[in-house]
Amino acid sequence: MKLLIVEDDRETAAWLKRALAEAGHVADHAADGRDGLMLAAAEPYDVIVLDRMLPGIDGLAILRTLRAAKVATPVLLLTALGGIDDRVEGLEAGGDDYLVKPFAFAELLARVGALARRPPPQDRPTVLAVADLRMDLLAREVTRAGERIELQPREFQLLEYLLRHAGRVVTRTMLLEAVWDFHFDPRTNIVETHISRLRAKLQRGGGADLIHTVRGAGYRLNEPR
């Protein structure tokens, strides 16, 4: 694999380059955000390992710029910011995976390998639709019957998950893990509250309800009956 490491800590970067070389991979290094952005936009890499807190241009700004320029190289965010909101923010900016410092090299290598094995982005749909509901993942836009619907980031993520699983029942646990990265029950009605808000926004123009509650199981998004 050919990788790009964008990391301002030179000791960490040197260690990563050496360890990756020992594992049979080639890695370029950029020590600040501006150099990292230029290399990421100009060179073909299998995976980019990107620190969030960088001089010049921060990691999230780099991500958003790359995705806006249609650069689809998988990005592993490497950072000391490990809160749930931090991880969600990074993923919503266009990151593909998140690894919190300090980390084990074996885990980083496994995550990088998994990202490199993903199918090319052109094989994945960029528009999701059910009935008159349409989500454009590249434009980050949702419309129903041609009318734009403004969603908060978490609502967008929730709807994307429901659309990707259209016609299938998704459980509360599945939603907690996929949308909030909770691997435990927070004992709150966070899922129900967001489903209710999302329903209200999707029905604002008088359209039929597309999100159906499956009693005792979860929710299913499909065409109105």
Side-chain angles (χ1 to χ4, degrees), residues 60-72 74-75 77 83-98 118-225:
L60 294 188
I62 291 174
L63 258 177
R64 294 188 180 105
T65 302
L66 290 174
R67 297 313 186 219
K70 304 297 188 293
V71 176
V75 174
L77 284 163
I84 289 174
D85 288 341
D86 295 316
R87 296 200 296 272
V88 169
E89 186 180 22
L91 295 172
E92 288 181 344
D96 297 277
D97 200 357
Y98 210 104
R118 284 186 178 180
Q122 59 265 30
D123 292 342
R124 302 168 68 186
T126 58
V127 174
L128 305 174
V130 168
D132 58 352
L133 175 65
R134 185 177 184 274
M135 171 180 280
D136 187 325
L137 296 169
L138 296 180
R140 304 291 292 180
E141 183 178 87
V142 174
T143 59
R144 184 158 191 199
E147 296 294 322
R148 185 165 181 171
I149 300 171
E150 296 294 337
L151 297 180
Q152 295 298 316
R154 196 84 71 177
E155 294 168 345
F156 190 97
Q157 194 175 358
L158 175 58
L159 180 58
E160 179 183 352
Y161 190 83
L162 291 170
L163 280 166
R164 288 193 183 279
H165 296 79
R168 289 176 282 172
V169 175
V170 295
T171 66
R172 183 173 183 273
T173 298
M174 290 167 66
L175 292 173
L176 284 170
E177 291 183 349
V179 180
W180 286 271
D181 199 24
F182 286 169
H183 298 276
F184 60 92
D185 189 342
R187 303 293 180 182
T188 69
N189 63 346
I190 188 171
V191 172
E192 293 78 5
T193 298
H194 278 75
I195 287 285
S196 177
R197 290 175 182 169
L198 184 57
R199 271 179 167 151
K201 289 188 176 184
L202 295 183
Q203 293 179 270
R204 191 161 293 164
D209 192 5
L210 300 177
I211 303 175
H212 308 281
T213 300
V214 181
R215 190 176 299 276
Y219 303 94
R220 181 175 57 230
L221 187 148
N222 53 242
E223 296 193 16
R225 298 166 184 173

**Student:** Considering residues at least two apart in sequence or located in another chain, which fulfil the side-chain hydrogen bond (donor to acceptor under 3.5 Å, both in side chains) criterion with Thr213?
**Tutor:**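 side-chain hydrogen bond (donor to acceptor under 3.5 Å, both in side chains) check on Thr213 returns Arg199.
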
**Student:** Can you establish whether the number of heavy atoms outside Gln203 located under 6.0 Å from its atom CD is more than 12?
**Tutor:**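 Check passes, neighbour count above 12.
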
**Student:** Which pair of non-hydrogen atoms, one from Leu60 and one from Ala93, has the smallest distance, and what is that distance?
**Tutor:**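 So the two residues come closest at CD2-CB, 4.0 Å.
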
**Student:** I need the minimum non-hydrogen distance between Ala178 and Tyr161, along with the two atoms involved.
**Tutor:**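 Closest pair (atom of Ala178, atom of Tyr161, distance): CB-CE1, 3.3 Å.
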
**Student:** Would you please test Arg67 and Val75 for side-chain contact (heavy atoms from CB on, under 4.5 Å) and show each step?
**Tutor:** CA-CA 11 Å; Arg67 297 313 186 219; Val75 174; 3.6 Å; yes

**Student:** Apply side-chain hydrogen bond (donor to acceptor under 3.5 Å, both in side chains) to Arg204 and list each qualifying residue two or more places apart in sequence or on a separate chain.
**Tutor:**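 Per chain and number, Arg204 pairs via side-chain hydrogen bond (donor to acceptor under 3.5 Å, both in side chains) with no residue.
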
**Student:** Please name the pair of heavy atoms, one in Gly218 and one in Val169, separated by the smallest distance, quoted to 0.1 Å.
**Tutor:**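 Answer, listing the atom of Gly218 first, then Val169: N-CG1, 4.2 Å.
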
**Student:** Starting from the C-alpha separation in whole Å, work towards a yes-or-no answer on side-chain contact (heavy atoms from CB on, under 4.5 Å) for Leu159 and Leu202.
**Tutor:** CA-CA 10 Å; Leu159 180 58; Leu202 295 183; 4.2 Å; yes

**Student:** Roughly how far, to the nearest 0.5 Å, is CG of Leu198 from OH of Tyr219?
**Tutor:**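 Those atoms lie 11.0 Å apart.
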
**Student:** If you look at every heavy atom in Gly90 and Leu77, which pair is closest and at what distance?
**Tutor:**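 Closest approach of Gly90 to Leu77: CA-CD1, 3.6 Å.
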
**Student:** Using the test side chain to side chain contact (heavy atoms under 4.5 Å, CB included), find all partners of Arg154 that sit at least two apart in sequence or belong to another chain.
**Tutor:**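 Here the qualifying residues are Asp85, Val88, Gln157, Val179, Trp180, His194.
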
**Student:** Checking Arg168 now: which residues fulfil side-chain hydrogen bond (donor to acceptor under 3.5 Å, both in side chains) with it, not counting sequence neighbours?
**Tutor:**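 Arg168 satisfies side-chain hydrogen bond (donor to acceptor under 3.5 Å, both in side chains) with no residue once adjacent residues are dropped.
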
**Student:** I'd like to check the side-chain hydrogen bond (donor to acceptor under 3.5 Å, both in side chains) partners of Glu141; sequence neighbours left out, ordered by chain and number.
**Tutor:**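 Glu141: side-chain hydrogen bond (donor to acceptor under 3.5 Å, both in side chains) contacts with Arg148.
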
**Student:** Measure from the side-chain N and O atoms of Ser196 to the backbone N and O of Glu192, and report whether any donor-acceptor pair falls under 3.5 Å.
**Tutor:**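 Judged by distance alone, no pair lies under 3.5 Å.
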
**Student:** To the nearest 0.5 angstrom, please state how far the CG atom of Asn222 sits from the CG atom of Leu163.
**Tutor:**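 Nearest 0.5 Å value for the CG-CG distance: 11.0 Å.
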
**Student:** Just one of Ile190, Val191, Ile195, Asn189 clears the side chain to side chain contact (heavy atoms under 4.5 Å, CB included) bar with Thr193, so which one?
**Tutor:**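 Per the side chain to side chain contact (heavy atoms under 4.5 Å, CB included) rule, the option paired with Thr193 is Asn189, out of Ile190, Val191, Ile195, Asn189.
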
**Student:** Could you measure the distance from the CG atom of Leu162 to the CE atom of Met174? Nearest 0.5 Å is fine.
**Tutor:**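 Result: 9.5 Å between the selected atoms.
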
**Student:** Anything under 3.5 Å between a donor and an acceptor, one on a side chain of residues 131-138, the other on a protein residue two or more places apart or in another chain? List them.
**Tutor:**
unit_1	atom_1	unit_2	atom_2	d
Asp132	OD1	Arg144	NE	2.8
Asp136	OD1	Leu138	N	3.0
Asp136	OD1	Ala139	N	3.0

**Student:** Give the minimum heavy-atom separation between Leu221 and Ile211, together with the two atoms involved.
**Tutor:**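 Scanning both residues completely, I find the closest heavy atoms to be CD1-CG1, 4.1 Å.
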
**Student:** Between Arg197 and Glu155 (salt bridge meaning N to carboxylate O under 4.0 Å), is one present in this structure?
**Tutor:**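 Here Arg197 does not pair with Glu155 in a salt bridge, since their nearest N and O are not under 4.0 Å apart.
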
